[in-house]
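We count ligands from 1, going down the list as the structure has it; atoms in each ligand are counted the same way. Quick note: residue numbers are just sequence positions, from 1.
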Amino acid sequence: MTKTDSHPSFDFIRNIIAEDLSINKNEGRVVTRFPPEPNGYLHIGHAKSICLNFGIAEENRGVCHLRFDDTNPSKEDIEYIESIKADVKWLGFDWGRHLYYASDYFDRLYDYAVQLIKKGKAYVCSLSPEEIKEYRGTLTEPGKDSPYRSRSVEENLDLFERMRAGEFEDGSHILRAKIDMASPNLNMRDPAIYRIRRMSHHRTGDKWCVYPMYDFTHCLSDSIEGITHSICTLEFQDHRPLYDWVLDQLNVKCHPQQIEFARLNLSYTIMSKRKLAKLVESGAVFGWDDPRMPTICGLRRRGYTPNSIRDFCERIGVAKRDSTVDVALLEHCVRQDLNKHAPRVMCVLRPLRVVIENYPEDLVESLEAINNPEDPGMGSRKVPFSRVLYIEQEDFREDPPKKYFRLAPGREVRLRYAYYIKCIDMVKDGQTGEIIELRCTYDPETRGGGSPDKRKVKATLHWVSAAHSLRAEVRLYDHLFLKANPDELTDDGNFKTNLNPNSLQILTSCRVEPSLENALPGSLYQFERQGYFCVDTQDSSDKLLVFNRTVTLRDTWARIQKAMKNKPL
Ligand code: ATP
Ligand code: MG
């Protein structure tokens with residue numbers, strides 16, 4: 001489902017909510033939540049969930065809670081909590097005072113577990129983890145009852161209390177819901193609800209050595225917070241009966257409605273914190289915020305704007321069936337945003353020296369350049385022109401093939417905002433034969449880029465003045481993976497064979513026009529004819545400007561759309 005207008009389309013979730021509001025369900029309240037586990041950095045898939053949950057709350061004058069689902073002390077870290085908060089804020093959403101931690105509910109969750117035991121709906125099981133697996137059965141065969149299933153309430157209460165007191169080793173006992181070992185839904189075959197983990201928690205310290213499982217924690221946290229619509233991804237569909245079972249047994253006041261939607265999958269991208277962590281740990285990338293990563297912090301460092309990501313999330317819409325979105329659409333969204341807002345400047349990525357023989361040695365002219373033709377309000381600036389310039393190596397060919405209209409011996413081209421120049425000679429390296437300098441003449445009558453005699457040139461090149469330009473490092477990025485569906489290859493941990501060896505190319509002798517001298521980290525530009533770039537927030541300094549290429553100018557998405565004759569997705 002794609003949408004092109006600017007209104008949030010009424011997807012099936014928004015329809016359910018509108019329907020609920022029309023019958024005054026939940027007294028007209030809409031309370032959603034975004035519940036990340038703090039075990040990694042957020043990625044573009046989470047952005048979809050954030051935009052959906054916070055978006056729905058905003059549209060309905062409701063609230064959206066940010067809740068850290070921090071029930072697994074072994075994988076979680078305070079570093080992730082801070083980064084998640086920063087990323088949600090950066091995307092432009094505000095949880096106000098509604099910041100919660102599942103770990104804040106540990107006392108209440110423990111009490112709920114005791115209640116289940118008292119009702120005969122939970123028991124302490126002392127099978128080994130291997131035995132539990134064996135007893136669970138398979139999709140085609142029912143499971144077997146645990147021999148501990150018939151323990152008395154008293155015995156269960158005593159054992160659970162002693163689990164909590166730290167008397168037992170990890171894995172020696174677990175608390176299980178007593179549901180149905182023959183259920184066709186494996187999640188209902190007496191799932192674990194509490195396990196022993198003799199481990200410190202980043203928020204509760206050593207207070208607990210039993211920790212509640214996700215399925216038990218999640219529904220009760222939703223209920224405690226008065227969530228009305230608990231929106232999650234499709235893989236939780238089979239957990240919904242358990243979600244409802246727990247809340248029904250405990251007779252809670254608030255029983256939220258769980259609604260599942262299809263998670264975002266993107267071509268050329270892996271989207272699992274676990275796998276992304278592997279990329280970081282194995283050194284395949286330089287960190288969670290490597291600009292090639294699909295993390296929010298990676299995209300931010302790459303030059304993506306909050307607007308472009310929100311626009312993307314709106315365009316992909318919300319559906320009930322899994323699909324893979326073309327990463328070209330994400331690139332299209334940032335291109336659209338930057339086209340309107342990023343000032344255009346000139347940067348030569350691979351410089352070739354040009355000497356204008358008939359231009360005076362000591363003359364420097366300040367030529368007017370427009371900052372963004374899409375937005376006259378962005379004004380103009382001056383760029384210095386002088387006798388020695390740099391142009392792009394690829395803008396000159398000694399033997400131009402057909403349809404190559406740029407500079408060649410004897411040929412005339414326009415320099416953007418400057419003059420027509422004509423190539424009259426070239427200088428080659430005596431040993432390698434490589435062209436190291438062009439000798440040109442300019443036509444003083446063409447100042448500003450037009451010729452009084454309406455003489456046509458077929459190319460307009462970008463350039464910088466050699467003496468005035470600044471050296472810069474530019475990092476060009478490509479897909480991290482070679483295959484469009486890298487997920488298929490990553491489970492056995494051998495995703496390295498699918499890594500694109502050219503996903504990062506570093507150019508160290510680029511030259512940018514002097515107006516960028518004080519460019520701030522994070523600022524965004526269009527380098528004319530080269531793409532959109534941003535000043536790197538980590539490595540750029542007073543000594544050396546470092547740029548990341550966000551995207552090229554070539555819009556493959558627009559081409560795909562055209563090929564589909566503007567049919568919607
Ligand atoms: P991962 O598999 O990357 O670790 P997760 O689902 O385990 O993701 P959580 O921290 O539990 O990560 O996710 C927080 C919320 O974000 C959940 O509601 C989850 O459904 C949602 N979410 C995670 N990945 C995606 C995705 N690719 N598309 C949409 N929503 C997602
Ligand atoms: Mg998870």
Q: If the cut-off is 4.0 Å to any non-hydrogen atom of M271, which atoms of ligand 1 fall inside it?
A: 3 (O), 27 (N)
Q: Do R549 side-chain atoms and C534 backbone N/O form a donor-acceptor pair below 3.5 Å?
A: no
Q: Tell me whether D478 is salt-bridged to R292, with the criterion being a basic N under 4.0 Å from an acidic carboxylate O.
A: no
Q: Could you check which of C313, C232, G45, P38 puts a non-hydrogen atom nearest to atom 25 (C) of ligand 1?
A: G45
Q: Check whether N26 reaches the backbone of G28 with its side chain - one donor and one acceptor, N or O, closer than 3.5 Å.
A: no
Q: Any idea which atoms of ligand 1 are less than 4.0 Å away from a heavy-atom of P36?
A: 10 (O), 14 (C)
Q: Among R33, E37, H218, H46, which one puts a heavy atom closest to atom 13 (O) of ligand 1?
A: H46
Q: Apply the side-chain contact (heavy atoms from CB on, under 4.5 Å) test between I13 and each candidate in T32, V318, N53; give the one that qualifies.
A: V318
Q: Show which atoms of ligand 1 fall inside a sub-4.0 Å distance from at least one heavy-atom site of F34.
A: 14 (C), 15 (C), 16 (O)
Q: Does K320 count as lying over the ring of F261, i.e. NZ or CZ under 6.0 Å from the six-ring centre, within 45 degrees of the axis?
A: no
Q: Considering R67, R263, R274 one by one, which has a heavy atom nearer to atom 6 (O) of ligand 1 than any of the others?
A: R263
Q: Counting each atom of ligand 1 from 1 as listed, which ones have a heavy atom of S49 under 4.0 Å away?
A: 16 (O), 21 (C), 30 (N)
Q: Does NZ or CZ of R475 lie under 6.0 Å from the centre of the six-membered ring of F547, at an angle within 45° of the ring axis?
A: no
Q: As an exercise, identify every atom of ligand 1 less than 4.0 angstrom from a heavy atom of T233.
A: 19 (C), 20 (O), 29 (C), 30 (N), 31 (C)
Q: Checking S223 side chain against C219 main chain: does a donor-acceptor pair fall under 3.5 Å?
A: no
Q: In terms of atom number and element, which parts of ligand 1 are under 4.0 angstrom from non-hydrogen atoms of H43?
A: 3 (O), 24 (N)
Q: Regarding atom 10 (O) of ligand 1: of the candidates K273, E235, K275, which has the closest heavy atom?
A: K273
Q: What do you reckon, does L264 have a nitrogen or oxygen under 3.5 Å from a nitrogen or oxygen of ligand 1?
A: yes
Q: Would you call R263 and D322 a salt bridge, taking side-chain N to carboxylate O under 4.0 Å as the test?
A: no
